[in-house]
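Counting starts at 1 for both ligands and their atoms, in listed order.
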Amino acid sequence: MAILISQNGRLFTLQTRNSSYQMLADSCGTLLHLYYGKRMDGEDLSDLILRTDMGFAGNPPQAKEDRTYSLDYLPQEAPSSGVGDYRDDMIRLCGADGSRTAQFLFESFFVSDGAQPVPGMPALYDTEEESGQTLTITLQDSCSNVRLRLIYGIFEREDIITRSACIENSGTSPIVLEKALSMSMDIPFGSYEMLYFAGRHAMERTALRTPVGRAGVRIGSIRGTSSHQYNPAMILCDPAATETSGDCYGFCFVYSGNFLASAQKDQREQTRVQMGIHPDQFRFRLEPGEVFHTPQVIQSYSSEGFSLLSRNYHHILREHMCRGAYKHARRPVLINNWEATYFDFDLERILSIARQAAQLKIEMLVLDDGWFGKRDNDNSGLGDWFVNEKKMGGTLAALSEKIHDLGMKFGLWFEPEMVSEDSDLYRAHPEWALAVPGREPNRGRNQLVLDLTNPEVRTYLLERLTDILSHAKIDYVKWDMNRSICDVYSHYLGPERTGEVYHRYVLGVYDLLERFLSRFPDILLEGCSGGGGRFDAAMLHYSPQIWCSDNTDAVNRLSIQYGTSFFYPVSSVGSHVSACPNHQTGRSVPFTTRGHVALSGSFGYELDLNRASDAEKAEVPAQIEAFRRYYDLTHEGDYYRLAAPGETGHMAWEFVSKDRSRALITAVKTESFGNPLPMHLPVRGLDPHRTYRCSMNGAIRSGASWMGAGLTVNRILPQYESILIELNDPDPSAPCASPG
Ligand code: GLA
């Protein structure tokens with residue numbers, strides 16, 4: 001049983017394979033958090049809480065004269081607001097009388113089979129192999145008559161617990177929600193560090209680690225997207241935690257808009273962790289009877305360090321979040337014309353790239369920005385989703401036929417959520433753009449954001465996309481979104497509901513994507529937002545791969561893809577081989593290394609192969625062959641980080657097949673020194689009792705020996721060179737050269 005309930009329905013223990021999570025509705029009705037950690041048997045752990053007189057803290061009326069009972073220190077699951085808990089609250093509402101108080105007390109619970117969907121938003125779903133169980137605990141604020149339902153989903157075998165909440169106005173007057181987080185949890189003991197993933201456009205998700213003290217750590221986004229600057233996921237860990245040891249708790253937000261994630265120690269050194277929609281610019285009005293649903297948070301606990309935690313997330317996102325035709329099917333190797341041509345192309349230029357690509361066994365051509373409306377630079381045309389037949393030398397149908405005749409699939413770029421002021425769409429519907437009446441809006445990349453809260457706008461966009469897709473053979477769509485949102489005001493929602501725009505915008509994106517995919521279920525969708533500005537678990541529900549960064553420099557990609565790997569599976573990472581000197585950094589890196597780095601992703605090319613050297617061109621078919629050969633490892637296998645950026649002068653990572661019969665190690669030399677030292681790599685995840693042969697030097701050893709002693713690269717790699725090393729069945733007839 002994944003959910004144990006005792007003490008007359010007041011003690012709840014959620015059990016996963018390796019973790020337990022315990023809560024108690026105490027005699028006053030407060031839902032206490034007692035434990036989250038290594039699996040135990042479900043015994044009542046409330047004796048861990050020592051109640052002492054808290055002096056200046058408030059004592060709620062339910063505690064009568066007991067001065068040791070205070071919400072200001074009790075570890076809780078859903079901290080109330082304005083009633084004596086001076087730490088961060090979880091749900092804040094403004095009642096009809098203008099007060100901002102709510103004390104949510106236990107009312108009831110129920111258990112249901114299966115994972116519970118979150119209305120209007122992505123959430124983990126059941127599969128035939130594994131379905132979840134759900135515990136719903138209802139709390140009530142008796143004064144305002146608002147009910148708070150805390151929803152706990154358990155995927156037992158996967159070591160995953162999900163949290164979300166819904167807030168129901170069961171009263172008779174409207175309320176305004178000013179804060180509605182998805183989860184809050186107080187860890188009563190221990191000191192922690194927060195590992196989070198921060199960056200900027202073209203340099204996303206650098207892993208940063210910082211102690212959580214009394215001053216707290218907060219990350220978030222108020223840009224309307226989950227953002228380049230902070231990814232909506234974090235890990236709370238033991239300060240000594242490593243890849244292979246130590247307690248760590250993961251929190252991954254299934255949401256693509258504004259978010260807040262925080263951890264802070266309180267006066268008793270307890271750590272409060274929270275995650276949810278950012279309360280800035282958030283005011284959501286709930287009429288009597290209306291319900292607000294928060295997005296889901298995916299939690300996981302590992303007592304064995306980050307590596308296991310990451311594998312838990314890779315598995316759950318791959319199996320229970322991604323969906324559609326390409327969930328497991330091998331993705332085509334693509335070539336994208338963006339860095340090859342930018343806006344400067346015509347039919348012949350595209351066809352010449354396609355012809356060269358087809359010869360080299362590339363499987364799909366993706367036509368990026370510039371094929372529609374008046375779009376020869378990024379100042380105009382967005383919104384006018386009509387093919388520019390003059391520039392394209394004919395119809396898209398004809399072009400897509402020609403590409404298919406070359407034996408390739410055809411993909412197309414869209415940026416549906418945006419509008420240029422210099423567009424027919426904007427001239428016809430200026431009120432469809434988000435802008436505050438009377439205030440000239442900020443432009444981002446010289447464009448405005450369409451009001452996706454407005455169903456008419458969404459229907460228009462769906463019609464345009466449908467029209468284009470039904471008139472040409474299109475196998476893939478890159479769905480881009482190239483600016484942060486500000487100047488928030490919706491003509492459709494009006495002044496009363498301005499505080500709802502950010503959230504309703506995200507719901508609008510999900511609605512549009514859902515309808516789009518139900519019309520075109522076989523399309524491979526790749527998400528994008530100026531590269532990795534909307535790389536989150538929710539987008540993976542629609543697009544199994546996301547363009548990881550506009551930075552294609554293989555060396556910068558090492559740290560970007562490293563940071564991305566803590567939560568997101570390699571199968572979701574859009575990664576391409578591009579030209580050198582690299583367009584973002586000016587750096588030159590060997591073609592082989594660029595291939596090895598892109599291999600740890602969806603794999604493709606982003607350059608004009610007509611301008612590549614003969615040696616580079618000769619290498620393309622072998623790279624594609626390697627991508628195919630290792631697909632089951634890179635896209636379905638287990639992933640291990642073997643080095644961290646800046647630690648050792650090299651980066652390395654490993655894939656192990658699900659049956660542990662094969663492993664693939666990639667190592668890249670990032671820094672060179674005089675009198676160089678050997679590159680020694682750990683090896684992980686093998687079966688200790690099996691033997692494996694190393695493709696680099698032919699050595700045959702047991703899994704235990706590879707994992708115990710590691711592996712030394714048999715030559716000194718020059719800077720930026722890389723090596724692929726395979727460990728597999730010691731069949732003596734197998735070749736022993738490096739397969740790269
Ligand atoms: C964004 C994307 C790029 C490219 C351009 C086109 O920056 O991340 O890959 O598609 O838009 O304008």
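Between Asp368 and ligand 1, a contact under 3.5 Å exists for at least one N or O pair. In terms of polar-atom proximity, Ser529 is not counted as a contact of ligand 1, lacking any N or O under 3.5 Å from an N or O of the ligand. Here's the thing with Gly531: one of its N/O atoms is less than 3.5 angstrom from an N/O atom of ligand 1. Among the atoms of Glu606, none of the N or O lies under 3.5 angstrom from an N or O of ligand 1.
When only non-hydrogen protein atoms are considered, atom 12 (O) of ligand 1 lies nearest to Asp369 OD2, 2.6 Å. The protein heavy atom nearest to atom 2 (C) of ligand 1 is Asp480 OD2, 3.1 Å. At the shortest separation from atom 9 (O) of ligand 1 among protein heavy atoms lies Lys478 NZ, 2.7 Å. Residue, atom and distance of the protein heavy atom nearest to atom 7 (O) of ligand 1 are Asp550 OD2, 2.9 Å.
Under the 4.0 angstrom criterion for non-hydrogen atoms, Arg445 is in contact with ligand 1.
A side-chain donor-acceptor contact under 3.5 Å links Tyr313 to the backbone of Gly250. Although no hydrogens or angles enter the test, the distance criterion places a donor-acceptor pair under 3.5 Å between the side chain of Ser310 and the main chain of Phe566.
The pair Glu363-Arg628 counts as a salt bridge, with a side-chain nitrogen and a carboxylate oxygen less than 4.0 angstrom apart. With respect to Arg375 and Asp384, no salt bridge is recorded, no charged nitrogen being found less than 4.0 Å from a carboxylate O.
By the neighbour-count criterion of 12 heavy atoms within 6.0 Å, atom NZ of Lys617 is densely surrounded, having more than that number from other residues, nucleotides or ligands.
Between Phe414 and Trp479, a ring centre-to-centre spacing not shorter than 6.0 Å is recorded.
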